[in-house]
Amino acid sequence: MEMSQPTKVTVQAVIQAPVEKVWRYWTEPDHITKWNQASEDWHAPRAENDLRVGGKFQTRMEAKDGSMGFDFGGVYDVVNRHEAIGYTMEDGRRVDVAFVDQGNETKVIETFDAESTNPVEFQQAGWQAIMDNFKAYTEQN
């Protein structure tokens, strides 16, 4: 029986900051909790990050009204400082993040395996909203 390949979805942004700052804001828990939500009515009250190959991370995402929440986590497969991060989520899907140093700005390209429950367009919009929050937070702080 042949397994079908998951649909790959890409989101990206150009951040007006050098790659060192972008990397730090993307990977440090104190920063992750400030930007890792798709909309204003959600937040990330807790984040843990063991940034090394084989290391685990987990971010708690919750609706601000307490109506729902979930843990988002995985294990790192690739950690190339200031260049790339790759991880496998707890459900087995892959995510790859590239950091392209462009001097005073950094292009962040995130590609993930779509899940089969929600429409791909919905997933792409949610992940892009989080990327847009990351861009705004990084540029404003």
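Computed from a predicted structure; not experimentally measured.
With hydrogens and angles left out, the side-chain atoms of Asn49 and Tyr76 include a donor and acceptor closer than 3.5 Å.
The hydrophobic cluster containing Trp42 also contains Ile32, counting ILVMFWY residues as joined when their side-chain heavy atoms lie under 4.5 angstrom apart, directly or transitively. Side-chain heavy atoms closer than 4.5 Å link hydrophobic residues (I, L, V, M, F, W, Y) into clusters, and following such links, possibly through other members, connects Trp127 to Tyr137. Tyr87 and Ile109 sit in two unconnected hydrophobic clusters of ILVMFWY residues. Membership requires side-chain heavy atoms under 4.5 Å apart, directly or through other members. Residue Val19 is not grouped with residue Val78 when hydrophobic side chains (ILVMFWY) are merged at heavy-atom distances under 4.5 angstrom, including chains of intermediate members.
The CG atom of Asp96 lies 12.0 Å from the CZ atom of Phe112; values are rounded to the nearest 0.5 Å. One finds the CZ atom of Arg93 at 11.0 Å from the OG1 atom of Thr88 (value rounded to the nearest 0.5 Å). Distance check: Gln102 CD to Lys107 NZ gives 6.5 Å after rounding to the nearest 0.5 Å.
Listed by chain and number, the residues in a side-chain hydrogen bond (donor to acceptor under 3.5 Å, both in side chains) with Asp101 amount to none (sequence neighbours excluded). For Asp30, the salt bridge (charged side-chain N to carboxylate O under 4.0 Å, His left out) criterion is met by no residue, not counting sequence neighbours. With sequence neighbours excluded, the residues forming a side chain to side chain contact (heavy atoms under 4.5 Å, CB included) with Gln124 are Val9, Val11, listed by chain and number.
For CZ of Phe122, the number of neighbouring non-hydrogen atoms (other residues, nucleotides, ligands) closer than 6.0 Å is 12 at most.
Using a 4.5 Å heavy-atom threshold, the side chains of Asp113 and Lys8 count as touching.
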Let me have the donor-acceptor pairs involving side chains of residues 128-135, under 3.5 Å, with sequence neighbours excluded, atom names and distances please.
from: Gln128; atom 1: OE1; to: Gln12; atom 2: N; distance (Å): 3.4
from: Gln128; atom 1: NE2; to: Gln12; atom 2: O; distance (Å): 3.1
from: Gln128; atom 1: NE2; to: Asp132; atom 2: OD1; distance (Å): 2.9
from: Asn133; atom 1: ND2; to: Gln37; atom 2: O; distance (Å): 2.4
from: Lys135; atom 1: NZ; to: Val14; atom 2: O; distance (Å): 2.5
from: Lys135; atom 1: NZ; to: Glu139; atom 2: OE2; distance (Å): 2.8

Donor-acceptor list for residues 21-28 side chains, cut-off 3.5 Å, not counting sequence neighbours:
from: Lys21; atom 1: NZ; to: Thr138; atom 2: O; distance (Å): 2.9
from: Lys21; atom 1: NZ; to: Asn141; atom 2: O; distance (Å): 2.4
from: Thr27; atom 1: OG1; to: Trp23; atom 2: O; distance (Å): 2.8

Pairs of donor and acceptor atoms involving the side chains of residues 57-71, under 3.5 Å and at least two apart or interchain, shall be tabulated with distances.
from: Arg60; atom 1: NE; to: Glu62; atom 2: OE2; distance (Å): 3.0
from: Arg60; atom 1: NH1; to: Asp71; atom 2: OD1; distance (Å): 3.4
from: Lys64; atom 1: NZ; to: Glu40; atom 2: O; distance (Å): 2.9
from: Asp65; atom 1: OD1; to: Ser67; atom 2: N; distance (Å): 2.8
from: Asp65; atom 1: OD1; to: Ser67; atom 2: OG; distance (Å): 2.7

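No donor-acceptor distance shorter than 3.5 angstrom exists from the side chain of Thr33 to the backbone of Ala47, with no hydrogens or angles considered.
The shortest non-hydrogen separation linking Ala114 to Pro6 is O-CB, 4.5 Å.
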